[in-house]
Number of protein chains: 2
Amino acid sequence: MSQDFMIGELAARTGCKVQTIRYYEEIGVMPPAVRAANNRRMYDDTHLERLTFIRHSRELGFSLDDIRSLLALADQPDRPCDEVDEIACNHLNEVERKIASLKVMENELRRMISHCAGGTVSDCRIIKVLADHNLCEEHSKLTA
Amino acid sequence: MSQDFMIGELAARTGCKVQTIRYYEEIGVMPPAVRAANNRRMYDDTHLERLTFIRHSRELGFSLDDIRSLLALADQPDRPCDEVDEIACNHLNEVERKIASLKVMENELRRMISHCAGGTVSDCRIIKVLADHNLCEEHSKLTA
DNA sequence: CTACATGCTACAGTTGCTGTAGGAGCAAGG
DNA sequence: CCTTGCTCCTACAGCAACTGTAGCATGTAG
């Protein structure tokens with residue numbers, strides 16, 4: 001096992017673009033790849049696992065900064081996982097905040113659109129509401 | 001009416017930073033300000049209205065590109081408002097898409113966090129799920 | 001007269017990539 | 001043997017929507 005392969009195969013196996021992998025190496029979330037004689041990056045299963053971890057974390061919305069911390073913690077199995085929990089909880093809070101903010105936008109957009117009678121721009125409720133904050137029902141709740 | 005004032009007052013009256021106003025002028029969503037003898041930008045109520053429109057649109061999540069289009073349409077009151085509706089509807093769809101994607105993240109994060117028993121990193125469910133996509137309940141639904 | 005606030009330009013930095021230019025190596029087909 | 005085409009390499013520019021900084025000029029208050 002731990003057969004070596006090149007960046008193209010790592011990309012194909014993880015659904016990650018080649019440039020993105022090189023970018024992860026550049027910013028230090030992926031370790032520098034060992035180079036073959038022709039200067040090409042060679043990878044094995046440990047790289048595959050690490051990149052899978054990164055991609056999954058990204059899909060869950062973690063920042064690369066958080067991921068750097070999570071990877072560092074994952075490499076120290078005997079430490080308590082408080083810090084992991086904290087990163088995850090903070091991120092969950094952030095996700096909830098974003099959902100709440102988007103829902104306010106959603107409500108207001110729906111309201112604007114449903115009030116538009118479809119005439120000319122001068123009658124358009126959407127333009128009116130955008131021009132005058134006071135016509136907006138939720139204008140105190142917006143904290144995007 | 002239409003008293004002139006400087007950029008600091010425009011900023012204070014709209015809750016927009018001074019640099020942001022200059023940036024809006026630079027990219028052309030705000031018209032170039034008339035300059036006083038000392039080269040300072042002077043504004044009047046039309047600028048105040050325009051910036052209010054921009055800020056409110058931004059609060060509702062519209063891109064500056066969309067806002068450019070909306071402002072151009074707002075300046076042509078006799079045209080039908082189909083295009084306005086279309087921009088607003090497209091944006092609403094995008095907002096809904098984002099909410100759906102964030103909710104998937106939220107569910108999975110909650111699930112991970114609630115499964116963590118609080119021991120060491122080697123037992124941590126959060127790290128395990130991040131490392132192995134198959135432990136993720138919703139991994140097919142993530143399309144952030 | 002001296003601070004201090006405000007204004008100006010110009011540019012770098014943020015996040016997480018994506019795309020491009022310009023070049024080299026390698027295998028297969030003609 | 002040569003060309004075509006694929007993959008790889010580095011280095012850099014660009015996206016969105018700002019925000020912050022440096023270094024300077026101007027205006028006002030005490």
Side-chain angles (χ1 to χ4, degrees), chain A residues 4-30 32-43 47 51 53-71 90-91 94-95 98 101 105 142-144, chain B residues 4-30 32-43 47 51 53-71 90-91 94-95 98 101 105 142-144:
Chain A
D4 284 2
F5 41 86
M6 284 191 295
I7 201 167
E9 192 176 334
L10 182 60
R13 287 220 239 167
T14 53
C16 184
K17 301 211 173 187
V18 166
Q19 297 108 299
T20 306
I21 298 172
R22 289 198 279 243
Y23 169 70
Y24 287 162
E25 180 180 324
E26 193 185 315
I27 64 164
V29 296
M30 283 290 283
V34 174
R35 300 303 182 106
N38 52 13
N39 196 36
R40 299 190 175 184
R41 292 171 177 84
M42 298 306 295
Y43 297 96
H47 296 97
L51 186 51
F53 186 106
I54 295 168
R55 294 308 289 176
H56 193 192
S57 303
R58 288 292 300 132
E59 282 175 348
L60 289 171
F62 285 100
S63 68
L64 286 170
D65 231 46
D66 280 349
I67 294 171
R68 225 189 304 265
S69 307
L70 289 169
L71 283 165
N90 286 344
H91 178 51
E94 190 57 24
V95 167
K98 278 188 192 158
S101 149
M105 291 183 196
L142 285 166
T143 38
Chain B
D4 282 4
F5 40 86
M6 284 191 294
I7 198 165
E9 192 177 335
L10 182 59
R13 287 220 239 166
T14 53
C16 184
K17 303 210 169 185
V18 167
Q19 297 107 301
T20 305
I21 298 172
R22 290 198 279 246
Y23 169 70
Y24 287 163
E25 180 179 325
E26 193 185 313
I27 63 163
V29 296
M30 282 291 282
V34 174
R35 300 303 182 104
N38 52 14
N39 195 37
R40 297 190 178 184
R41 293 172 176 84
M42 298 308 292
Y43 298 96
H47 296 98
L51 186 52
F53 186 105
I54 295 168
R55 293 309 291 175
H56 193 191
S57 303
R58 287 292 301 133
E59 280 174 350
L60 289 170
F62 286 99
S63 69
L64 288 170
D65 232 46
D66 279 349
I67 294 171
R68 224 189 303 265
S69 308
L70 290 168
L71 284 166
N90 286 344
H91 178 51
E94 190 56 25
V95 167
K98 277 187 192 156
S101 149
M105 289 182 197
L142 285 165
T143 39

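Note on naming: letters A, B, ... go to the chains in the order of the sequence lines (proteins, then strands), and numbering restarts at 1 for each one.
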| query | With respect to the phosphate group of D:dT19, does any side-chain polar atom (N or O) of B:T20 fall under 4.0 Å of OP1 or OP2? | reply | yes
| Spacing between A:Q19 atom CD and C:dT20 atom C1', to the nearest angstrom | 10 Å
| query | Side-chain contact, heavy-atom cut-off 4.5 Å: B:I67 with B:Y24? | reply | no
| field | Spacing between B:I27 atom CD1 and D:dG14 atom P, to the nearest angstrom | value | 16 Å
| message | Strictly below 4.0 Å: does B:Y23 bring a side-chain N or O up to OP1 or OP2 of D:dA16? | response | no
| query | Would you call B:M6 and B:M42 a side-chain contact if the rule is heavy atoms closer than 4.5 Å? | reply | yes
| task | Using a heavy-atom cut-off of under 4.0 Å over every strand shown, decide if B:I7 touches base, sugar-phosphate, or nothing. | result | sugar-phosphate
| task | Starting at atom CG of A:N38, determine the distance to atom C1' of C:dG23, rounded to an integer number of angstrom. | result | 15 Å
| field | Contact under 4.0 Å: B:R41 side-chain N or O vs C:dC8 OP1/OP2 | value | yes
| If you take all heavy atoms of A:G8 and A:V18, which pair is closest and at what distance? | CA-CG2, 4.2 Å
| field | Heavy-atom side-chain contact between A:L51 and A:Y43 under 4.5 Å | value | no
| message | With a cut-off of less than 4.0 Å, is there a side-chain N or O of B:R22 near OP1 or OP2 of C:dG7? | response | no
| message | Check this one for me: any side-chain N or O of A:R58 less than 4.0 Å away from OP1 or OP2 of C:dC17? | response | yes
| query | Between atom CG in B:L10 and atom P in C:dG7, what is the gap in whole Å? | reply | 10 Å
| said: Given D:dT10, D:dA17, C:dG16, identify the nucleotide with an atom nearest to the side chain of A:R35. | reply: D:dT10
| request: For the side chain of A:N39, starting at C-beta, report the closest nucleotide among D:dT19, C:dC26, D:dC9. | output: D:dC9
| field | Rounded distance in Å - CZ (B:R40) to P (D:dA25) | value | 13 Å
| For B:R55, which contact category applies under a 4.0 Å heavy-atom criterion: base, sugar-phosphate, or nothing? | sugar-phosphate
| query | Nearest-Å distance, CE (B:M42) to P (D:dG27)? | reply | 12 Å
| request: Could you check whether B:Y24 gets within reach of a base, just the sugar-phosphate, or nothing at all, counting any heavy atom under 4.0 Å? | output: sugar-phosphate
| request: Using only side-chain N and O atoms of B:K17, determine if any of them is under 4.0 Å from OP1 or OP2 of D:dG20. | output: yes
| task | Compare all side-chain heavy atoms of B:V95 with those of B:L60 and state whether any distance is below 4.5 angstrom. | result | no
| Between C:dA27 (P) and A:M6 (CE): distance, integer Å | 10 Å
| message | If I take atom CD1 in residue A:I67 and atom P in nucleotide C:dG16, what distance separates them, rounded to the nearest angstrom? | response | 8 Å
